[in-house]
2 protein chains.
Amino acid sequence: MNPNSIGKDYLDHISIDCVIFGFHNKSLRVLLLKWKTINRWALPGGFIKKNEHADAAAQRVLSERTELSNIFLRQFHTFSDPDRNKADGNLDISLLPVRFSKEAIDWIKGRFVTIGYFALVDFNKVKPVPDLFSEECRWWELEQLPVLLYDHHHIVDAALIALRDALQYQPMGKYVMPKKFTLPELQKLYEVILGKKIDRRNFRKKILGLNIIHPLGETRKGGAHRSPDLYSFN
Amino acid sequence: MNPNSIGKDYLDHISIDCVIFGFHNKSLRVLLLKWKTINRWALPGGFIKKNEHADAAAQRVLSERTELSNIFLRQFHTFSDPDRNKADGNLDISLLPVRFSKEAIDWIKGRFVTIGYFALVDFNKVKPVPDLFSEECRWWELEQLPVLLYDHHHIVDAALIALRDALQYQPMGKYVMPKKFTLPELQKLYEVILGKKIDRRNFRKKILGLNIIHPLGETRKGGAHRSPDLYSFN
DNA sequence: TCAAAAGTGTTTTGCTTACACCCATGC
DNA sequence: GCATGGGTGTAAGCAAAACACTTTTGA
């Protein structure tokens, strides 16, 4: 994004925010950006070009932040509380050390209705890239998120509920898991998303019955215990 | 809405559209407005005031069109195709016989991202009221909708899917059925929403097991056959 | 008395849950 | 050898689906 295009090339008062989920080391993670100067963590987001579909804008933001394309992405809710950006009364966006015009700053400080998306990505393939507003981009464990900008914590909560819901209908492990994975790893993913323990035997039965993964005939060596079988998504 | 407030009191480029479902005479119906001059039927919709929540805007539109308040209402999707209002290339909105300023007309002809809501109302309690753009407001059978404005047919389809989905989790018959109703009537509602036949005995068992309705000890006289028992929601 | 809709229970099926033992590996 | 996690099958429970006969009513 170009500082000069703010308030000109984009639709007014509409933004998108992406909750990008990844899975690593047995925990669910979310990609966050640390905003300059105000030192607040926030969801990756952006604006919609005047002739762009919101879905395309979300894909654009996603690929800019992760350097990935063709990511699993789903709109889940639009947040329109007129005071959603006023949760932090003492936060002054105009402190952003970016060369914005006065018009651009007024534009950004205005009200935004934001369309929420969630995405699932392969943690190992992501190269986090900060945007114009931020100095850092990195993964955070879902259980240990910092204080977030505006209503972003609320958006994350809603995204998790939507993800949980979607997982019931659609096995989306293939977007998050690495090429080769073990069943206990996939089970852990389900457990952290659904927020409950699952029986090992029942889980195997269910997943294998879906015919979406196949055994590779290899095992993962190097663990401290019995080597688990490796699988891949079809 | 005041013609002079168009383009001033509302957020630019954002609208809401409501798919209002009612149930009458064994069929699911949708409330539509007939736009003046262009003679095209459309969903009831509106704009969001500069300091208003989208949910509140939807409630406002709903009560303006139905003269009901406190209606079951749920946001289901936001439609953002940049060409969604260009489906009818030959449609000239500026023909609307309403005294709009040139600025207002340009504003209306611009691109809109619209937030879709669906609502459930008691057919018998609704007094359909046209809005500023329309000359008529009435119910249409879902199976026999006319050609609709813009992408409104697509919005209706998506609303029906969302409604079907919601019905699985939440028995929302009480918003649509009259005070007194029979089980076959309620069953028919489920059948038209879910799009499939349901076994009578299984349906009774399930609904009565939910403890959300109770028999009134009366029957509906006057039918050509055996009088069905009347029930009410708790 | 007949046609059409409404009331009523039981069986079967499929999916989910519960549950226990042996196996492989690194320390 | 032992602690730890991984692999494996069966029985029980529960909710949904299948299924047929009798009753009431107006014509």
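Bear in mind that the values here come from a model prediction, so they are computed numbers and not experimental data. Letters go in sequence order (proteins before strands), and every chain restarts at 1.
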What about the rings of F47(A) and F112(A), do their centers lie closer together than 6.0 Å? yes
Can you tell me how far C1' of dG5(D) sits from CD of E185(A), to the nearest Å? 13 Å
I207(B) has an atom CD1; how far is it from atom P of dA6(C), in whole Å? 16 Å
How close or far is atom C1' of dA6(C) from atom CD of E218(B), stated in whole angstroms? 17 Å
Looking at E141(B) and R29(B), is any side-chain nitrogen of the basic one under 4.0 Å from a carboxylate oxygen of the acidic one? yes
Whole-Å distance, L210(B) CG to dA15(D) P, equals 11 Å
D122(B) vs M177(B) side-chain heavy atoms within contact, under 4.5 Å: no
In whole Å, I'd like the distance from the CZ atom of R204(A) to the P atom of dG5(D). 16 Å
Integer-rounded Å distance: dG5(D) C1' and E191(A) CD: 13 Å
Would you call V126(B) and H24(B) a side-chain contact if the rule is heavy atoms closer than 4.5 Å? no
Between the protein and nucleotides 24-26 of chain C, list the N/O to N/O atom pairs that are separated by less than 3.5 angstrom.
| from | atom 1 | to | atom 2 | distance (Å) |
| --- | --- | --- | --- | --- |
| dA24(C) | N3 | R226(A) | N | 3.4 |
| dT25(C) | O4' | H225(A) | O | 3.2 |
| dT25(C) | O2 | A224(A) | O | 3.3 |
| dG26(C) | O4' | A224(A) | O | 2.9 |

Ring centroid separation F79(B) to H154(B) under 6.0 Å: yes
If you look at every strand shown and take non-hydrogen atoms under 4.0 Å, does K205(A) touch a base, only sugar-phosphate, or nothing? base
How many whole angstroms separate atom CZ of R220(B) from atom C1' of dA5(C)? 14 Å
Stepwise side-chain hydrogen bond (donor to acceptor under 3.5 Å, both in side chains) test for T219(A) and D229(A): CA-CA 4 Å; T219(A) 57; D229(A) 297 342; 5.8 Å; no
Within residues 195-203 of chain A, the residues having a heavy atom closer than 4.0 Å to DNA chain C are D199(A), R201(A), N202(A)
Whole angstrom is fine here: how far is it from CD in Q168(A) over to C1' in dC15(C)? 14 Å
Are the charged groups of E218(B) and K180(B) less than 4.0 angstrom apart, N to O? yes
Inspect the contact between K34(B) and E135(B) and indicate whether a charged nitrogen and a carboxylate oxygen are less than 4.0 angstrom apart. yes
Taking K86(A) first and then D83(A), would you say they form a salt bridge - that is, a charged N and a carboxylate O separated by under 4.0 Å? yes
